[in-house]
Amino acid sequence: MYLNQLGVVCALGTTTTEVWQNAVAGSQQGMQTSDLRLVDASPLIVGQVADEALPTLAEQAALFQTRNNRLAAAALANIRSDIERCKARFGADRIGVIVGTSTSGIAEGEQALKHYTQHHALPASFNYRMQEMTAPADFIAAYCDVSGPRYSISIACSSSARALMSARKLLQSNLVDAVIVGGVDSLCRLTLNGFRALESTSSGLCQPFSKQRDGINIGEGAAFFVATREALEPQQPQIYLSGAGHASDAHHMTAPEPHGRGAQLAISAALKEAKLSSEAIDYINLHGTGTPLNDAMEAYALTELGLQHSLASSTKPMTGHTLGAAGALEAALCWLTLQAADGQLPRHCFAGDYDADIAPLSLVTAERRLSHRAKHCLSNSFAFGGNNVALVFSRNDAGANQS
C-alpha cells in the first residue's frame, strides 16, 4: 500500500515542512497548559493546535461543526490535489475513507451539556451525531465528495494505526482503488479527566524512558494519507506500508502486559511480513507514553526482539499523546523520516536521565543521527485492552514500483 501524500496538523505545526523541522529540532512549542477545566482544578500540559490555524467549516452542515472535523479539514488541505487526481482517475465511488478516532465530537457534547445545565435545553447548534464515532469518516466523505466505503475505527490509542491496516485490506479486496486514511482526535474534558483519574497524567512535560517519568501529556491532531495499490508518482521515491502486525494480549483494561507479549507478537508479525530482520530497521517511533509501566514494557519487548540498537524516539513530548490519532501521526513522522535525505530523525525529548531499571534503548539526541538515508521505519502503537499494532514503512527508489 503506497502512501502517496501526507496532510498533518498537530502541536508541532500545520504543514509537513513545519512539523518535520520542529520534530528534528526537538521543539515543544505546542505544549502548553490547557484552558479546559478539570474536575480537581489541577493544571495539565497538553499538545494543542492554535485555533486560528483551523478552518471554520461555516459552509458545512451543522452536524459537521466540530473541532475534530476542523482538525481533519486542516490536514486534508495538504492532500486535496491527490484526492482530486484519484477522483478523476478512479471515480468518487472507488475512493474509501477510514479514520481512527477516540473523541469524535465529544467536546461539542460537553459544551451542549453545560448549556443544558444553564438553560434546561440543548443548544440549537448541537446534533447528537457529532459525537458518533463514524462522524469523522462521514464528514471527510462529504467534504471530499467521495462515496466509497467509509467507517471509523476506535480501539483507543492504536485506532489509526489499525486504520492503516484496514485501508490496505480494503485495497487488497479490490473494493476501492484509493483510500483517504488516517486519524484525528481533539482535546476534551472527558479524556483529560479520565486519564487524570487513572493517575496517568504528568505533572509537567512528559519524559518517556526517564527515571523521572510520571505520566503522559494528552494532545490533539490529525494526519491523513492518500493510499493506493500503485504509486501515483512512480518516477519519484515512494513510501509504502511493507509490514503490519496486530495482536491483543487482553492482560488488563488499561495496564500493559509487563513483558509485552502482545507487543512482541505484533512487531514480529510486522517484520516477518516486511521480510526484514531487526537489524534492517533504521528508526523506531516508540509508543513511549512516559508512564512507568508502558515504557518498561516497550523497552523489554524491543530488546527481546533485538531492536535495542535501532535509533528510536518517542515524539509524544512534542505532540502530546493524540490518542486515536497517535498511530497515524506517528506514521506521518516515519513518512517524513523516509523522505528526509540527510539522516535526521525526530528528536527524543527528556532530561537525559534514562531509567537504569529498564532495558536500554538507543534514543535519538541532537548529536545522534543516521549516517545514511533511512530505508525502513517501525512505528509502535499500544492501547487499552491490550490492542497492539506495529507498522513497518519502507522507501523505494524512483521507478522501483512494488506490488
Between [options], which is the residue that forms a side-chain contact (heavy atoms from CB on, under 4.5 Å) with [X]?
| X | options | result |
| --- | --- | --- |
| Thr322 | Ile218, Leu329, Leu187 | Leu329 |
| Cys188 | Glu108, Glu110, Gln111 | Glu110 |
| Pro136 | Thr103, Thr66, Val99 | Val99 |

Please check: side-chain N/O of [X] versus main-chain N/O of [Y], any donor-acceptor pairing under 3.5 Å?
| X | Y | result |
| --- | --- | --- |
| Asp177 | Phe90 | no |
| Arg213 | Gln207 | no |
| Asn217 | Gly204 | yes |
| Ser160 | Gly327 | yes |
| Ser104 | Glu132 | yes |
| Lys87 | Cys144 | yes |
| Ser152 | Met133 | yes |
| Glu330 | Ser381 | no |
| Arg70 | Pro55 | yes |
| Arg395 | Ala374 | yes |

What are the two closest heavy atoms between [X] and [Y], and how far apart are they?
| X | Y | result |
| --- | --- | --- |
| Val392 | Ala274 | CG1-CB, 4.0 Å |
| Val146 | Ile180 | CG2-CD1, 4.3 Å |
| Ala390 | Leu378 | CB-CD1, 4.1 Å |
| Asn22 | Met318 | O-SD, 4.0 Å |
| Val49 | Leu71 | CG2-CD2, 3.9 Å |
| Gly215 | Cys206 | O-CB, 3.2 Å |

Non-hydrogen side-chain atoms of [X] and [Y] separated by less than 4.5 Å:
| X | Y | value |
| --- | --- | --- |
| Cys86 | Thr228 | yes |
| Gln65 | Ser125 | no |
| His115 | Phe126 | no |
| Cys157 | His287 | yes |
| Phe139 | Gln60 | yes |
| Asn294 | Pro256 | yes |
| Asn78 | Phe224 | no |
| Pro149 | Val176 | yes |

Working for side-chain contact (heavy atoms from CB on, under 4.5 Å), residues Leu265 and Asn388: CA-CA 9 Å; Leu265 285 171; Asn388 305 290; over 6 Å; no

What do the steps show when you test Leu190 against Asn193 for side-chain contact (heavy atoms from CB on, under 4.5 Å), and what is the final call? CA-CA 5 Å; Leu190 175 68; Asn193 282 303; over 6 Å; no

Which is it for Leu302 and Gln308 under the side-chain contact (heavy atoms from CB on, under 4.5 Å) test, yes or no, and what are the steps along the way? CA-CA 6 Å; Leu302 290 172; Gln308 71 273 24; 5.7 Å; no

Parallel, tilted or perpendicular: which fits the ring planes of Tyr354 and Phe209, with parallel below 30° and perpendicular above 60°?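 Parallel: the ring planes of Tyr354 and Phe209 meet at under 30°.
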
Tyr116 and His120 aromatic ring geometry - parallel, tilted or perpendicular at 30°/60° bounds: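 His120 vs Tyr116 ring planes: perpendicular.
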
Go through the steps to decide whether Asn68 and Ser186 satisfy the test side-chain hydrogen bond (donor to acceptor under 3.5 Å, both in side chains), and finish with yes or no. CA-CA 5 Å; Asn68 228 47; Ser186 50; 2.9 Å; yes

Candidate pair Tyr2 and Asn396, rule side-chain contact (heavy atoms from CB on, under 4.5 Å), full reasoning: CA-CA 10 Å; Tyr2 282 90; Asn396 285 342; 2.9 Å; yes

Value rounded to 0.5 Å, distance of [atom1] in [X] from [atom2] in [Y]:
| X | Y | atom1 | atom2 | answer |
| --- | --- | --- | --- | --- |
| Leu276 | Ser394 | CG | OG | 5.5 Å |
| Trp20 | Thr15 | CH2 | OG1 | 13.5 Å |
| Asn285 | Phe393 | CG | CZ | 9.5 Å |
| Trp335 | Leu241 | CH2 | CG | 14.5 Å |
| His348 | Arg368 | NE2 | CZ | 11.0 Å |
| Glu298 | Thr303 | CD | OG1 | 10.0 Å |

Atom CD of residue position Glu199 - does it have more than 12 heavy atoms of other residues, nucleotides or ligands inside 6.0 Å?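 No.
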
Other residues, nucleotides, ligands: >12 heavy atoms within 6.0 Å of Arg129 CZ: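 No - once you tally the heavy atoms of other residues, nucleotides and ligands closer than 6.0 Å, there are 12 at most.
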
Checking Ala142 now: which residues fulfil side chain to side chain contact (heavy atoms under 4.5 Å, CB included) with it, not counting sequence neighbours?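 Partners of Ala142 under the side chain to side chain contact (heavy atoms under 4.5 Å, CB included) test: Phe64.
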
For Asp185 and Thr101, run side-chain hydrogen bond (donor to acceptor under 3.5 Å, both in side chains): C-alpha distance rounded to whole Å, both residues' side-chain angles, the deciding distance at 0.1 Å, then the answer. CA-CA 6 Å; Asp185 256 345; Thr101 191; 2.9 Å; yes

Do NZ/NE/NH1/NH2 and the carboxylate oxygens of Asp138 and Arg150 come within less than 4.0 Å?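 Arg150 and Asp138: salt-bridged.
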
Is Arg67 salt-bridged to Asp51, going by a charged N under 4.0 Å from an acidic O?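 Salt bridge present between Arg67 and Asp51.
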
Distance under 6.0 Å and angle within 45° of the ring axis: does Arg80 meet both against Tyr143?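 Because its charged atom sits under 6.0 Å from the ring centre and within 45° of the axis, Arg80 does stack over Tyr143.
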
Distance-only donor-acceptor check, side chains Asp214 and Ser202, under 3.5 Å: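 Judged by distance alone, the side chains do pair up.
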
